[in-house]
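Following: one structure in structure tokens, then a few remarks.
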Number of protein chains: 2
Amino acid sequence: MKYQKIPEATIRRLSRYSRCLEEMEQGGEKVVSSAQLASKCMVNPAQVRKDLAYFGEFGIRGVGYYVKDLLASIKKVLGLNKEWRMAVIGIGNLGSALLSYKDFLKQNYKIVAAFDIDPQKVIGRVSEKLGKPVEILHISRIKEVAKERKIEIALITTPPSEAQSVANLLVEAGIRGILNFAPTQITVPEGFVVKDVFFTNILDNLAYLLSSS
Amino acid sequence: MKYQKIPEATIRRLSRYSRCLEEMEQGGEKVVSSAQLASKCMVNPAQVRKDLAYFGEFGIRGVGYYVKDLLASIKKVLGLNKEWRMAVIGIGNLGSALLSYKDFLKQNYKIVAAFDIDPQKVIGRVSEKLGKPVEILHISRIKEVAKERKIEIALITTPPSEAQSVANLLVEAGIRGILNFAPTQITVPEGFVVKDVFFTNILDNLAYLLSSS
DNA sequence: AAAATTTTGTGAAAGGAGTCACATAATTGA
DNA sequence: TCAATTATGTGACTCCTTTCACAAAATTTT
């Protein structure tokens with residue numbers, strides 16, 4: 001297959017496929033067809049095949065795909081064949097919830113640091129869960145700690161008013177990936193990546209669908 | 001303008017516009033051009049005009065859009081000119097964080113009930129915040145309480161293993177909108193709407209962008 | 001061993017979404 | 001009052017995404 005730019009939408013679906021395949025592997029299934037995977041992920045079978053074809057020929061005609069191999073290939077494509085080290089900035093309710101969010105661990109995302117403006121206030125709150133406790137550090141130490149602990153991704157869970165200045169600190173600290181939970185638009189220089197997780201925007205979407213049907 | 005189906009993407013952007021316009025209104029701005037709104041929301045100005053044109057002619061040529069009127073129009077289109085009553089199912093770390101999530105209130109989303117399998121274990125944990133405390137009820141009462149409190153949207157924050165059976169209960173209770181935080185695919189009958197919020201999927205996306213640049 | 005069956009990989013067609021460019025309308029200034 | 005300016009609304013174009021449909025390859029059946 002000729003080289004083509006991989007669509008954003010394909011990348012999003014790959015991570016859905018990955019999750020489905022994990023469940024299948026868990027369930028002991030060895031082989032899966034594009035039709036089966038498609039129905040489990042609620043997409044068109046041709047879509048599945050086309051998505052996979054961007055990266056190579058993983059299937060066997062007349063048979064399907066080997067679950068284990070396909071999963072490994074997808075993870076490699078997505079850059080999930082390594083552990084990603086993350087920090088949480090802003091240890092309020094949401095921040096502490098994320099500190100003990102079990103699904104991150106399962107998926108090779110590891111929180112290795114937590115920051116707040118007031119480390120005193122919140123200390124001890126997050127500690128007891130999940131084996132090794134995460135100590136809460138003052139935000140001023142981010143640059144130093146980012147280097148030391150090889151942090152590549154930060155989750156911003158501060159109030160919206162602080163989000164941009166936190167983002168600036170992250171940029172300065174060389175943390176290239178940001179998952180922004182603070183409901184406000186933040187901007188970063190070229191080379192840095194921000195993904196927003198705005199609960200209310202998703203709710204707006206839901207509200208629209210509900211009120212227009 | 002002729003009738004057209006409104007693209008999903010347009011709906012998503014409308015809620016971005018809505019948030020930007022709120023900030024502008026707060027800042028005392030009376031009039032805004034498509035170019036200004038576009039730059040604030042990081043989209044193309046023609047895109048803004050086209051998105052708005054789906055619903056009517058809100059602007060004045062040579063002038064722009066009245067912030068207040070436009071905001072009201074967008075909110076009406078999105079179905080946000082009412083209060084949406086919600087329940088949270090599964091009061092673990094994430095569930096409790098959402099119970100006291102301040103941005104919901106600002107945006108006319110109100111949590112009016114909280115459910116868990118074990119209401120004893122978690123009681124009191126969520127109470128003190130934000131004025132009126134939310135009492136945690138046993139999940140078995142969902143059908144009764146949904147009717148009584150006119151619940152239209154449920155947030156699923158249970159472990160993934162329980163998500164589908166919770167969804168079944170919600171369907172039975174006539175709750176048509178579901179925001180699913182449990183990292184597993186759930187299915188509901190025609191007429192019901194599920195929106196997924198999978199943190200790890202978004203992280204996967206981020207990881208891909210980071211590792212391929 | 002040949003025919004029937006299954007299921008992939010992909011070119012081509014269809015469908016959606018985003019951008020451009022300009023006619024149109026309102027305002028401002030001389 | 002008329003020209004210059006500003007900024008909308010939208011047809012046409014381009015680009016991206018999805019779906020269709022079928023040849024190619026592997027397996028199973030007879």
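In what follows, chains carry the letters A, B, and so on, assigned in the order in which the sequence lines appear, proteins first and then strands, with residues in each chain numbered from 1.
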Distance check needed: [N] [atom2] versus [X] [atom1], whole Å only.
| X | N | atom1 | atom2 | result |
| --- | --- | --- | --- | --- |
| B/Phe55 | D/dT10 | CZ | P | 14 Å |
| A/Leu52 | C/dT10 | CG | P | 11 Å |
| B/Phe58 | D/dT10 | CZ | P | 12 Å |
| A/Ile60 | D/dT27 | CD1 | P | 7 Å |

- Query: Do other residues, nucleotides or ligands put more than 12 heavy atoms under 6.0 Å from A/Lys82 NZ?
  - Reply: yes
- Got more than 12 heavy atoms from elsewhere within 6.0 Å of CZ, B/Phe192? yes
With the threshold set at 4.0 Å, does a side-chain nitrogen-carboxylate oxygen contact exist between [X] and [Y]?
| X | Y | result |
| --- | --- | --- |
| A/Asp103 | A/Arg19 | yes |
| A/Glu8 | A/Arg12 | yes |
| B/Lys106 | B/Glu22 | no |

- Note on the structure: 5' to 3', nucleotides 15-23 of chain C under a 4.0 Å protein heavy-atom cut-off (B base, S sugar-phosphate only, - none) gives --SSBBB--
- Residues from residues 31-38 of chain B lying under 4.0 Å of DNA chain D - heavy atoms: B/Ser33, B/Ser34
- Residue mapping more 5' on DNA chain D - nearest nucleotide basis, B/Tyr65 or A/Gly62: B/Tyr65
- Task: Using distance alone, with no hydrogens and no angle criterion, decide if A/Asn168 and A/Glu172 have a side-chain donor and acceptor under 3.5 Å apart.
- Result: no
- Item | Partner set under ring-ring contact (aromatic ring centres under 6.0 Å, His included) for B/Phe199, not counting sequence neighbours | A/Tyr101, A/Phe181
- Looking only at heavy atoms, what is the nearest atom pair of B/Asn108 and B/Leu80, with distance? ND2-O, 3.7 Å
